[in-house]
J.: 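Got a structure for you, written out below as structure tokens; questions coming shortly.
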Protein chains: 2
Amino acid sequence: MITAKAKKGERKREIAAKATELFRTKGYAATSMRDLAKAMEIEAASLYSHIKSKEELLHGICFRMADTFFAAQKEAASPELSATEQLENAIVAHVKVITDDVAASAVFFNEWRHLSADPLAEFKKLRDEYEAIFRAILAAGMQESEFRTQSVNFTTLTLFSAMNVIYTWYQPEGSKTPEEIGREISRLLIYGLKD
Amino acid sequence: MITAKAKKGERKREIAAKATELFRTKGYAATSMRDLAKAMEIEAASLYSHIKSKEELLHGICFRMADTFFAAQKEAASPELSATEQLENAIVAHVKVITDDVAASAVFFNEWRHLSADPLAEFKKLRDEYEAIFRAILAAGMQESEFRTQSVNFTTLTLFSAMNVIYTWYQPEGSKTPEEIGREISRLLIYGLKD
DNA sequence: AATTTTTGCTAACGAACGTTAGGTTGTATA
DNA sequence: TATACAACCTAACGTTCGTTAGCAAAAATT
């Protein structure tokens with residue numbers, strides 16, 4: 001039983017990994033179960049020995065990523081630091097999650113809207129909660145005049161868009177580490193192009 | 001003939017507008033011609049009196065937007081200005097195009113990958129050419145030490161992601177004009193949060 | 001008044017979709 | 001060695017997909 005348990009669900013993870021790749025390149029709606037089956041070199045019907053539905057795959061990717069993002073923030077949080085340092089830490093943590101799995105990140109950012117009503121609502125709630133972490137840091141920094149005062153909402157969205165585009169170009173073999181990328185984004189956002 | 005010519009293709013434009021809305025909210029692949037027909041309050045087959053195919057709609061949206069972006073840059077270009085001013089002008093021009101039609105922008109940014117091979121290749125070429133405009137301004141600014149030297153590629157992508165997220169929250173009735181939004185992004189990117 | 005054009009319909013096509021049912025095989029556990 | 005189960009198969013289901021054919025009414029043009 002021990003060996004069996006160790007291997008339990010391994011095939012399912014392989015399928016999830018291939019699905020992530022396909023959802024990333026073709027999009028969830030444009031990826032058919034037959035596409036996925038072909039990539040796995042089995043028949044479409046065989047997929048259902050391992051998964052319950054197509055949406056289960058999307059659900060798994062989106063919510064696993066959400067968990068990972070939250071966990072990273074929890075670990076990176078240091079309320080005693082300055083807003084600038086808190087922001088930098090939060091950015092680096094966020095970037096690391098993205099670079100850790102760019103395919104899953106792409107699906108997380110672009111395909112969540114294809115979740116059905118209930119998971120969709122839950123997903124949005126989590127997303128708002130997560131955004132609130134950054135919003136709070138920015139608001140605190142402006143309160144204490146550490147940051148120039150401007151719309152927190154606008155700044156948060158700009159910050160996220162700057163971070164969340166990374167999955168489109170990051171390569172593990174590239175010249176920059178996730179840490180360096182995070183620092184660079186921090187610097188660009190905090191000090192600007194002129195500094 | 002004058003009246004006829006003036007109204008020629010009007011229905012087609014109505015269909016294109018509705019398609020843009022649907023492609024934006026549901027995505028191209030997840031939007032069926034029957035969805036579109038229902039939104040137009042006609043039968044699906046009737047759509048084909050006005051259009052050739054579903055892809056023609058996507059093609060129209062993507063390439064019309066591409067043209068508009070290029071035209072805006074051409075008008076905004078002032079080679080005699082400093083890199084900082086050139087960049088600010090280019091950003092404002094880009095933002096104005098987005099705010100002018102947020103639905104079409106959303107489709108332009110997210111759904112182009114569903115174009116078939118030939119138009120897809122053409123689209124990517126245009127996209128690269130357009131990006132090169134900004135890339136050149138940034139490179140010139142760094143050359144003349146007007147901007148801090150760092151990866152042009154990284155900076156360009158960050159800049160675009162900051163601009164291209166606007167369609168997700170911009171409202172014409174909102175408190176900020178497109179011009180103000182453009183200036184704000186410029187300021188954030190050029191001078192940073194601290195300035 | 002005759003005509004062309006626009007706009008829409010019903011009916012249907014073949015293909016692809018997600019998924020289920022029921023069965024076979026090989027491997028690991030008891 | 002008997003048993004359980006993971007892994008995959010073929011066949012097929014009902015549905016939806018983009019699209020075509022052929023026709024009818026209405027509106028605009030001549």
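Lettering of chains follows the sequences in order, A, B, ..., and the numbering in each one begins at 1. For the numbers below, each heavy atom of this structure counts, side chains included, while hydrogens, waters and symmetry mates do not.
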J.: For B:Tyr170, does the six-membered ring have the charged nitrogen or CZ of B:Lys176 within the cation-pi criterion, i.e. under 6.0 angstrom from the centroid and within 45° of the normal?
T.: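 Cation-pi check for B:Lys176 and B:Tyr170: fails.
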J.: Please state how far atom CE in B:Met40 lies from atom C1' in C:dC9, giving the value in whole angstrom units.
T.: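 It works out to 15 Å between those atoms.
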J.: Could you state the atom-to-atom distance from CG of A:Leu47 to P of D:dC9 in whole Å?
T.: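 Result: 9 Å.
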J.: Ion pair present between A:Lys12 and A:Glu56, side-chain N to carboxylate O less than 4.0 angstrom?
T.: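 Salt bridge present between A:Lys12 and A:Glu56.
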J.: Look at A:Ser46 and D:dC9 and indicate whether a side-chain polar atom (N or O) is within less than 4.0 Å of OP1 or OP2.
T.: yes
J.: Measure CZ/A:Arg13 against C1'/D:dA6 and give the value in whole Å, please.
T.: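 Computing the A:Arg13:CZ to D:dA6:C1' distance gives 14 Å.
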J.: Going by distance alone, is a donor N or O of one side chain under 3.5 Å from an acceptor N or O of the other, for A:Ser46 and A:Glu43?
T.: no
J.: Between protein and nucleic acid, restricted to nucleotides 14-19 of chain C and to nitrogen or oxygen atoms under 3.5 Å apart, what atom pairs and distances do you find?
T.:
unit_1 : atom_1 : unit_2  : atom_2 : d
C:dC17 : OP1    : A:Ser32 : OG     : 3.3
C:dG18 : OP1    : A:Thr31 : O      : 3.4
C:dG18 : OP1    : A:Lys54 : NZ     : 3.0
C:dG18 : OP2    : A:Met33 : N      : 2.8
C:dG18 : N7     : A:Arg34 : NH1    : 2.9
C:dG18 : O6     : A:Arg34 : NH2    : 3.0
C:dT19 : OP2    : A:Tyr48 : OH     : 2.5
C:dT19 : OP2    : A:Lys54 : N      : 2.9
C:dT19 : O5'    : A:Tyr48 : OH     : 3.3

J.: Hey, is A:Lys18 close enough to A:Glu14 for a salt bridge, meaning N to O under 4.0 Å?
T.: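 A salt bridge is absent here (no side-chain N lies under 4.0 Å from a carboxylate O).
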J.: For the pair made of NZ in B:Lys38 and C1' in D:dC17, what is the distance, rounded to whole Å?
T.: 15 Å
J.: To the nearest Å, give me how far apart CD (A:Glu14) and C1' (D:dA6) are.
T.: 13 Å
J.: Over all heavy atoms of both residues, which pair between B:Thr158 and A:Leu188 is shortest? Give the atoms and the distance, please.
T.: CG2-CD2, 3.8 Å
J.: Is atom CG of A:Asp118 surrounded by more than 12 heavy atoms (other residues, nucleotides or ligands) closer than 6.0 Å?
T.: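 Open: at most 12 neighbouring heavy atoms sit under 6.0 Å from CG of A:Asp118.
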J.: Roughly, in whole Å, what's the span from CD1 in A:Ile51 to C1' in D:dA7?
T.: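 Distance check: A:Ile51 CD1 to D:dA7 C1' gives 14 Å.
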J.: Could you check which of C:dT7, D:dT10, D:dC8 has an atom nearest any side-chain atom of A:Glu43?
T.: D:dT10
J.: Using whole Å, report how far CD1 of A:Ile42 lies from P of D:dT10.
T.: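 Checked: the CD1 to P distance equals 12 Å.
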J.: How many whole angstroms separate atom CD of A:Glu10 from atom P of D:dA7?
T.: 8 Å
J.: Is it the case that over 12 heavy atoms from other parts of the model lie below 6.0 angstrom from the CD atom of A:Gln143?
T.: no
J.: Is the distance from the ring center of A:Phe108 to that of A:Tyr167 below 6.0 Å?
T.: no
J.: Tell me whether A:Glu41 at atom CD has more than 12 heavy atoms from other residues, nucleotides or ligands lying less than 6.0 Å away.
T.: no
J.: Where do N or O atoms of nucleotides 24-26 of chain C meet protein N or O atoms at under 3.5 Å, pair by pair?
T.:
none

J.: Is the distance from OP1 or OP2 of C:dT7 to the nearest side-chain N or O of B:His50 less than 4.0 Å?
T.: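 Yes, B:His50 has a side-chain N/O under 4.0 Å of OP1/OP2 on C:dT7.
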